[in-house]
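These numbers come from the heavy atoms of this one structure, side chains and all, not from hydrogens, waters or symmetry mates. All ligand and atom numbering here is 1-based and tracks the order in the structure.
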Amino acid sequence: MPRAELPLIARARQHASRAAIVAAEGAFTYQDLLEASGRVAGCLLDRRSDLAEARVAFLAPAGWHYVATQWGIWRAGGVAVPLATSHPPAELEHVIRDSEAEIVVAHPEFAETVRSLDAVKGVRLLRTDEALAQPRHPTPGTQAEVDEGRRAMIVYTSGTTGKPKGVVTTHGNLRAQVMSLVTAWEWTADDAILLVLPLHHVHGIVNVLTCALWAGARCEMLARFDANRVWSRLGGGDLTLFMAVPTIYHKLIAAWDTAPAERQRSWSAACARLRLMVSGSAALPAQTLERWKTISGHTLLERYGMTEIGMALSNPVRGRRRPGSVGTPLPGVEVRLVDEQGGVVGPGTAGEVEVRGPGVFLEYWRRPDATTAAFRDGWFRTGDMAVLEDGAYRLLGRSSVDIIKSGGYKISALEIEEVLRTYPAVAECAVVGVADPEWGEKICAAVELRQPMELSLAELQAWAKERLAPYKVPRALRCVEALPRNAMGKVTKPEVAALFR
Ligand code: MCA
Ligand code: AMP
């Protein structure tokens, strides 16, 4: 494959004087981004000519330092491993260790957290402000020329078993994912998007940030979601696009409902100036879709994707968007539904969604068996069930009860159970997701206690918060004498879920 400058970087040169990023640190053009990421690359390279796919984990709030670091890693030939600002040390340790990061870069706000991790012993540590301040690397030619088949990014995502796995995407995968969305959703350099999503998942990283920068558009970033701040920015009237998970729309509706009538009117009027609002990462409840339409005038465009494949299915930008449907395959993506034996099923019959195309990931990092198991004849097996009706796909749910979606995050019930079992009072436990209008599903834990010990929800939450990301912390607890089990002694999750209704 020819070794040349990455297309994302080459394209940025065409937009040099245009605004690229607006964040807490200020407003920056594409030229600023090229220069800053060049400095970061030079600092990471430290006289080498290519990081040669060394993993560089980085922890920074959504903002200028994040983007300059991400691009710097790519330009130096490294693999970007975004860490989550919301994660407790235990989860950060897992990602740094599992990805075998050679370098960890931390925003000053998180430098102390990172320095205190066991996993960084023997790892080169850098601060984003130091990397950004480095003088430009003397000879640009020594910056790595990265071919597209090389690994670009590892994003951690839950599966049905154990701790999160690293999903490896190449530069070519990322380009395919981005180009598919830029084409389908008609991105142009005149677009401006507000980013409110976390930047350790594909929704924020690819659909919002990288699509915007590929198109030469402006990406305005909030370090964290805040309903009133989002409304006041949407009210500014200069944005063209917005993308979020259903929980965020639910929270925006709640904020609108409590605002004074005059503000409601001005917010709604400003919304109407956006050209497109998108929902995804979890099922969009019909009620949220309807309320949002009344408030904003927008019929949310619902789409379906996954960390391993980017986006696969989407309702149209032009034409009818069907409530409850995730539409048709995006450009360059092939989708089929199969039965349990792997036979392709026709319209009207439920089957598992399988996906093929240039956007599909390369591998689970250092897990060849899991990678092999994830494919059938070259098709990626999503674990999502769907049916094709009137030419469009409707999702029916996950094939595993142990995968929970809460606030748009994919969560493994088994991972939480493993952690809860290490709590002294817990003899056995079962974690389930229970339907919730705000969060999609709420994490609920049923526990058999070691007698005569006792346990309250508050105690369990305080303990779990130290070990699990906030969205994995149980929100309800039932202490039971015996968990419901079938004749084989296996815990029956539907009956566990019934304990919380
Ligand atoms: C937080 N809280 C919760 C949950 N999370 N309660 C129940 N269930 C949860 N899942 C509680 C906190 O403990 C706290 O309670 C209160 O809510 C506020 O917490 P905070 O962390 O401030 O929440 P937030 O900032 O309002 O977060 C909500 C959020 C966030 C903005 C919706 O969850 C989010 O950014 N979700 C997006 C995830 C995402 O990007 N997913 C994409 C992955 P208290 O106040 O009592 O302490 S999927 C993907 O990438 C694929 C490819 C795809 O298809 O998109
Ligand atoms: P993740 O592994 O975090 O990338 O989450 C991907 C999963 O989110 C998919 O496998 C689906 O289960 C779910 N998902 C994404 N978009 C939608 C949607 N529009 N409706 C329902 N579920 C969705």
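Note that CD1 of I248 is 13.0 Å distant from CE of M243, once rounded to the nearest 0.5 Å. How far CD of E91 is from CG of L83: 11.0 Å, rounded to the nearest 0.5 Å. Annotation: the span from F361 atom CZ to E308 atom CD amounts to 5.0 Å, rounded to 0.5 Å. One distance of note links CZ of R321 with CG of L284; it measures 12.0 Å at 0.5 Å rounding. Put simply, OG on S158 and CD1 on I416 are 8.0 Å apart, with the number rounded to the nearest 0.5 Å. Here the straight-line distance linking atom CH2 of W231 with atom CZ of R263 works out to 12.0 Å at 0.5 Å rounding.
Side-chain contact check for L197 versus F225: every heavy-atom pair is 4.5 Å or farther apart. Put simply, the side chain of L395 reaches to within 4.5 Å of the side chain of Y304, judged on heavy atoms.
Residue contacts with ligand 1, taken as heavy atom pairs separated by less than 4.0 Å, involve V202 via backbone and side-chain atoms alike. Under 4.0 angstrom from ligand 2, the non-hydrogen atoms of V326 all belong to its side chain.
In this structure, the protein non-hydrogen atom closest to atom 4 (O) of ligand 2 is T307 OG1, 2.6 Å. Among all non-hydrogen protein atoms, the one lying nearest atom 50 (O) of ligand 1 is H203 N, 3.0 Å. Taking atom 17 (C) of ligand 2 as the reference point, the nearest protein heavy-atom neighbour is A282 N, 3.6 Å. Of all protein heavy atoms, the one closest to atom 19 (N) of ligand 2 is R303 O, 2.7 Å. Ranking protein heavy atoms by distance to atom 54 (O) of ligand 1, first place goes to R303 NH1, 2.7 Å. Among protein heavy atoms, atom 12 (O) of ligand 2 sits closest to D384 OD1, 2.7 Å. Residue, atom and distance of the protein heavy atom nearest to atom 5 (O) of ligand 2 are K405 NZ, 2.9 Å. Protein heavy atom nearest atom 3 (O) of ligand 2, with residue, atom name and distance: K410 CB, 3.4 Å.
The aromatic rings of Y423 and W463 lie perpendicular to each other, with more than 60° between the two planes, well past the 30° mark. Classification of the H65-H107 ring pair by plane angle, with boundaries at 30° and 60°, yields tilted. Taking the six-membered ring where tryptophan is involved, the planes of Y471 and H200 are essentially parallel, since the angle between them stays under 30° and well short of 60°. Using cut-offs of 30° and 60° on the angle between ring planes, the pair F58 and Y66 is tilted.
Protein heavy atoms are found less than 4.0 angstrom from atom 2 (N) of ligand 1. Not a single protein heavy atom sits closer than 4.0 Å to atom 19 (O) of ligand 1. Using a 4.0 Å threshold on non-hydrogen atoms, atom 45 (O) of ligand 1 does not count as touching the protein. Note that atom 16 (C) of ligand 1 has no protein non-hydrogen atoms nearby, at separations under 4.0 angstrom. In this structure, atom 8 (N) of ligand 1 has a protein heavy-atom contact shorter than 4.0 Å.
Which parts of ligand 2 touch L395 is read off a 4.0 Å heavy-atom cut-off, strictly below it: atoms 18 (C), 20 (N), 21 (C), 22 (N). Atom numbering of ligand 2 starts at 1 in the shown order; those under 4.0 Å from a heavy atom of E302 are 18 (C), 19 (N), 20 (N). Annotation for ligand 1: atoms under 4.0 Å from non-hydrogen atoms of G305 are 54 (O). Residue-ligand proximity, A283 to ligand 2, at heavy-atom distances under 4.0 Å covers atoms 20 (N), 21 (C), 22 (N). Ligand-side atoms of ligand 2 in range of G305: 6 (C), 7 (C), 9 (C), 15 (C), 16 (N), range being under 4.0 angstrom from any heavy atom. Below 4.0 Å from some heavy atom of T307 lie the following atoms of ligand 1, by number and element: 52 (C).
Closest heavy-atom approach to atom 42 (C) of ligand 1 within the set S281, P246, A312, G310: this belongs to S281. Residue R475 holds the heavy atom nearest to atom 6 (N) of ligand 1 of all those in Q461, E441, R475, H200. Ranked by closest heavy atom to atom 29 (C) of ligand 1, the top entry among V208, V326, I248 is I248. Distances from atom 26 (O) of ligand 1 to the heavy atoms of K251, E308, R224 put K251 nearest. For the residues W439, Y409, Y249, the heavy atom positioned nearest atom 23 (O) of ligand 1 is part of W439.
Taking only nitrogen or oxygen atoms, main chain and side chain alike, S406 reaches within less than 3.5 Å of ligand 1. Looking at ligand 2, you'll find an N or O of S281 within less than 3.5 Å of one of its N or O atoms. Considering both main-chain and side-chain atoms, K442 never comes within under 3.5 Å of ligand 1 through any nitrogen or oxygen pair. Taking any N or O of K405, backbone or side chain, none lies under 3.5 Å from an N or O belonging to ligand 1. On a distance-only criterion, R398 and ligand 2 share at least one N/O pair closer than 3.5 Å. Taking only nitrogen or oxygen atoms, main chain and side chain alike, G407 reaches within less than 3.5 Å of ligand 1. Backbone and side-chain nitrogen or oxygen atoms of G408 are examined, and one is located within less than 3.5 angstrom of a nitrogen or oxygen of ligand 1. For the pair Y304 and ligand 1, the shortest N or O to N or O distance does not fall below 3.5 Å.
Side chain to side chain, Y156 and D98 meet the donor-acceptor criterion of an N or O pair below 3.5 Å. Residues S37 and W74 bring no donor and acceptor atom of their side chains to less than 3.5 Å of each other. Side-chain atoms of W292 and S296 include a donor-acceptor pair closer than 3.5 Å.
Ligand 1 does not have E438 within reach: every non-hydrogen atom of the residue lies 4.0 Å or more from it. P198 counts as a contact of ligand 1, since one of its heavy atoms falls under 4.0 Å from the ligand. Remark: distances from the non-hydrogen atoms of K472 to ligand 1 are all 4.0 Å or more.
In this structure, H87 has its ring center no closer than 6.0 Å to that of H94.
By the 6.0 Å contact criterion, CD on E334 is enclosed, its count of non-hydrogen atoms from other residues, nucleotides or ligands being greater than 12.
A donor-acceptor pair is defined here as one N or O able to donate and one able to accept, closer than 3.5 Å; such a pair exists between the side chain of R55 and the backbone of S99. When atom types are taken as modelled, the side chain of S232 and the backbone of R229 share a donor-acceptor pair closer than 3.5 angstrom.
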CA sep, side-chain torsions, deciding dist, call: E415, K163, salt bridge (charged side-chain N to carboxylate O under 4.0 Å, His left out): CA-CA 6 Å; E415 183 197 350; K163 292 201 166 145; over 6 Å; no
